[in-house]
Chemist: 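The structure is given below, and queries will be raised subsequently.
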Number of protein chains: 4
Amino acid sequence: MTPTDFVHINTGSPEPIYRQLIEQVKRRVAAGQLKAGDEIPSVRELAQALAVHPMTISKAYSMLEMAGVLERRRGLSMVVAAQHHRAQPAASRIELLRPSLQKAADEARQLELPKAEVLGLLEQLLDGNTP
Amino acid sequence: MTPTDFVHINTGSPEPIYRQLIEQVKRRVAAGQLKAGDEIPSVRELAQALAVHPMTISKAYSMLEMAGVLERRRGLSMVVAAQHHRAQPAASRIELLRPSLQKAADEARQLELPKAEVLGLLEQLLDGNTP
Amino acid sequence: MTPTDFVHINTGSPEPIYRQLIEQVKRRVAAGQLKAGDEIPSVRELAQALAVHPMTISKAYSMLEMAGVLERRRGLSMVVAAQHHRAQPAASRIELLRPSLQKAADEARQLELPKAEVLGLLEQLLDGNTP
Amino acid sequence: MTPTDFVHINTGSPEPIYRQLIEQVKRRVAAGQLKAGDEIPSVRELAQALAVHPMTISKAYSMLEMAGVLERRRGLSMVVAAQHHRAQPAASRIELLRPSLQKAADEARQLELPKAEVLGLLEQLLDGNTP
DNA sequence: GTGGTCTAGACCACC
DNA sequence: GTGGTCTAGACCACG
């Protein structure tokens, strides 16, 4: 997996870069696209590919390590952790989506939008081009 | 409308308080729950009701004024602005929801979740209790 | 509590500064010297007192927050977290000491030192001047 | 002495592997378990037995040579050095233990643990199984 | 005033 | 080659 396939960042977003990285990696691991033992791009490599400071990458990796998603191998690049981080079944993965959907649902209710319209727009967006 | 009905805030949320206020007011105006000329709670009154620093309320009100949603009346509390801010039709209001749904859709795609499950969860959340 | 009483660091130690801070704060909370709700020195204040870069302090505070020991109050200084972090009874606190004692015990065994001598030295060190 | 009896390493420990090797060998020499002239496992042999990179073993051996603990014999494995490294009396050996005990004592004081409890735990650990 | 994020760049430890 | 730590200093968001 090349560094540019590994993650994408949006420097314009209010969400900090390091957090974008964390969330994307977590989702990829949950979806099974990243499997236990898979090597991830080195800090310097990814930093160069994304045109970001290495410390920003390092911060994200460190937090993923603390969260148990990645493991360090001293002197070598980091790998996806074995324990507790195999791909999760869809029934479990959907829980990772709940916060975003909850926020959207709250907003829709305050806007007094008909349910059908909201579901229609989401369906349309789910069919959209891969970002 | 009492101050506590006017808006609700969640101090635990990562979203800043002043932004929670702004977004809620905008949605209420768009939905027609707040109409042109309606008085809104004073800075002090709302600050006390929400147990928030008055400057935070003031900042939100100022930004809503700059956005043309509120108007300042000499000696009076602020009121909902007349121009350009009547209730919008649903077709237009749904655009205010698009960013949140887009974010959820992107996440769902990265999680490789089946469309039906995602739509099912949203439908369920839309039926939930009013927050 | 003044910043210089709050923690002490040893720049000569191989243990990174930010980690020294973390461990000391955890011990002070466990011992009950720092109680839930107590304010801690601000990042800038402590950085100046210890002659360390503010980011080093910030890193330690962030990790203590993630560990649930500290809580952020937006716009204000951080405080000792309420939940799960009241002073622990001695029976529980001693577990925090176990790793260090285990290491010493392992070394003593490899050095084939008589138990009495080892315990004697530790007793002497426990009576030493407050560091 | 087989390679696996010679030293044990813990790859999970924060202490670097090469340093674990160095300290263990020093303690074994001080205790008299390794005597002047004793052959030690070759770099390759030990590297394979411990599943560690040969360079890591080599680095440890080189440092032990620089410290005067080991000697290189042309064409042969390394041996324990004759000079200055016979077994030390207990009174001297205990100084090698002082740093670890000092660290434990400092922590105990910050945790405000009663002396008796600390000494009790250490005694119990000294009676534990050989690691 | 508070903490958070990021960049630039140095130096170290490890394998 | 790998990641970790620290400094210097800028800029932002929040209250």
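Each chain gets a letter, A, B and so on, in the order the sequences are listed, and its residues count up from 1.
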Chemist: Nearest of F/dG15, E/dA8, F/dT7 to any side-chain atom of C/T56?
Modeler: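 Looking only at heavy atoms from C-beta outward on C/T56, the closest nucleotide is F/dT7.
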Chemist: Hey, is the side chain of C/R73 pairing donor to acceptor with the base of F/dG15 inside 3.5 Å?
Modeler: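 Flag unset: no donor-acceptor pair detected.
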Chemist: Report the distance from atom CG of A/L21 to atom C1' of F/dG3, rounded to the nearest whole Å.
Modeler: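 Taking atom C1' of F/dG3 as the reference, CG of A/L21 is at 16 Å.
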Chemist: Quick one: on DNA chain E, does C/L76 or A/H53 contact a more 5' nucleotide (nearest heavy atom)?
Modeler: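 Comparing both residues, the 5'-ward one is C/L76.
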Chemist: Backbone N or O of D/H8 within a donor-acceptor pair of the D/Q24 side chain at under 3.5 Å?
Modeler: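 Here the side-chain-to-backbone pair exists.
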Chemist: Got A/V29 and A/D38 here, is their nearest side-chain heavy-atom distance under 4.5 Å?
Modeler: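 Not in contact.
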Chemist: I need the CD1-C1' distance between A/I57 and E/dG9, as an integer number of Å.
Modeler: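 Distance, rounded to whole Å: 17 Å.
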Chemist: Between the base of E/dG1 and the side chain of C/R44, is there a donor and acceptor pair under 3.5 angstrom?
Modeler: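 For C/R44, whose side chain was compared with the base of E/dG1, there is no donor-acceptor pair (under 3.5 Å).
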Chemist: Decide yes or no on side-chain hydrogen bond (donor to acceptor under 3.5 Å, both in side chains) for A/D106 and A/Q110, but give the supporting numbers first.
Modeler: CA-CA 6 Å; A/D106 291 347; A/Q110 280 197 324; over 6 Å; no
Chemist: Hey, which of these two, A/V52 or D/K59, hits DNA chain E nearer its 5' end, going by closest nucleotide?
Modeler: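 Counting from the 5' end, the first nearest nucleotide belongs to A/V52.
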Chemist: What's the CD-C1' distance between C/E39 and F/dG15, to the nearest Å?
Modeler: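 It is 14 Å, rounded to the nearest whole Å.
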Chemist: Would you kindly compare A/R72 and B/Y18 by the position of their nearest DNA chain F nucleotide and give the one closer to the 5′ end?
Modeler: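 The residue mapped nearer the 5' terminus is A/R72.
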Chemist: Using whole Å, report how far CZ of A/R19 lies from P of E/dG3.
Modeler: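 To the nearest whole Å, that distance equals 18 Å.
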Chemist: Look at A/S42 and F/dT2 and indicate whether a side-chain polar atom (N or O) is within less than 4.0 Å of OP1 or OP2.
Modeler: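 Answer is yes, contact under 4.0 Å.
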Chemist: For the pair A/Q20 (side chain) and A/E15 (backbone), establish whether a donor and an acceptor sit closer than 3.5 Å, ignoring hydrogens and angles.
Modeler: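 The answer is yes, because a donor-acceptor pair under 3.5 Å joins these two groups.
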Chemist: Any side-chain N or O of A/S58 under 4.0 Å from OP1/OP2 of F/dG4?
Modeler: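 For F/dG4, OP1 or OP2 has a side-chain N or O of A/S58 closer than 4.0 Å.
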Chemist: Once you round it to whole Å, what is the distance between C1' of F/dG3 and CD of A/E65?
Modeler: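 Going from CD in A/E65 over to C1' in F/dG3 covers 10 Å.
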Chemist: In this structure, how many angstroms lie between the P atom of E/dC15 and the OH atom of D/Y61, rounded?
Modeler: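 After rounding, the gap between these two atoms is 15 Å.
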Chemist: Measuring to OP1 and OP2 of E/dG4, would you say a side-chain N or O of C/S62 lies under 4.0 angstrom away?
Modeler: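 C/S62 to E/dG4 OP1/OP2: side-chain N or O found under 4.0 Å.
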Chemist: Between B/M55 and C/A51, which residue's closest nucleotide on DNA chain F lies nearer the 5′ terminus?
Modeler: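 Nearest nucleotide further toward 5': that of C/A51.
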Chemist: How many Å lie between CG on C/L46 and P on E/dG1, as a whole number?
Modeler: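 Whole-Å distance recorded here is 17 Å.
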Chemist: Expressed as a whole number of angstroms, how long is the span from C/I40:CD1 to E/dG3:C1'?
Modeler: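 So the two atoms are 11 Å apart, to the nearest Å.
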Chemist: Is any side-chain heavy atom of C/F6 closer than 4.5 Å to a side-chain heavy atom of C/V25?
Modeler: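 They are in contact (side-chain heavy atoms under 4.5 Å apart), so the answer is yes.
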Chemist: What does E/dA13 pair with, Watson-Crick or G-U, if both distances are under 3.5 Å?
Modeler: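 Base partner found: F/dT2.
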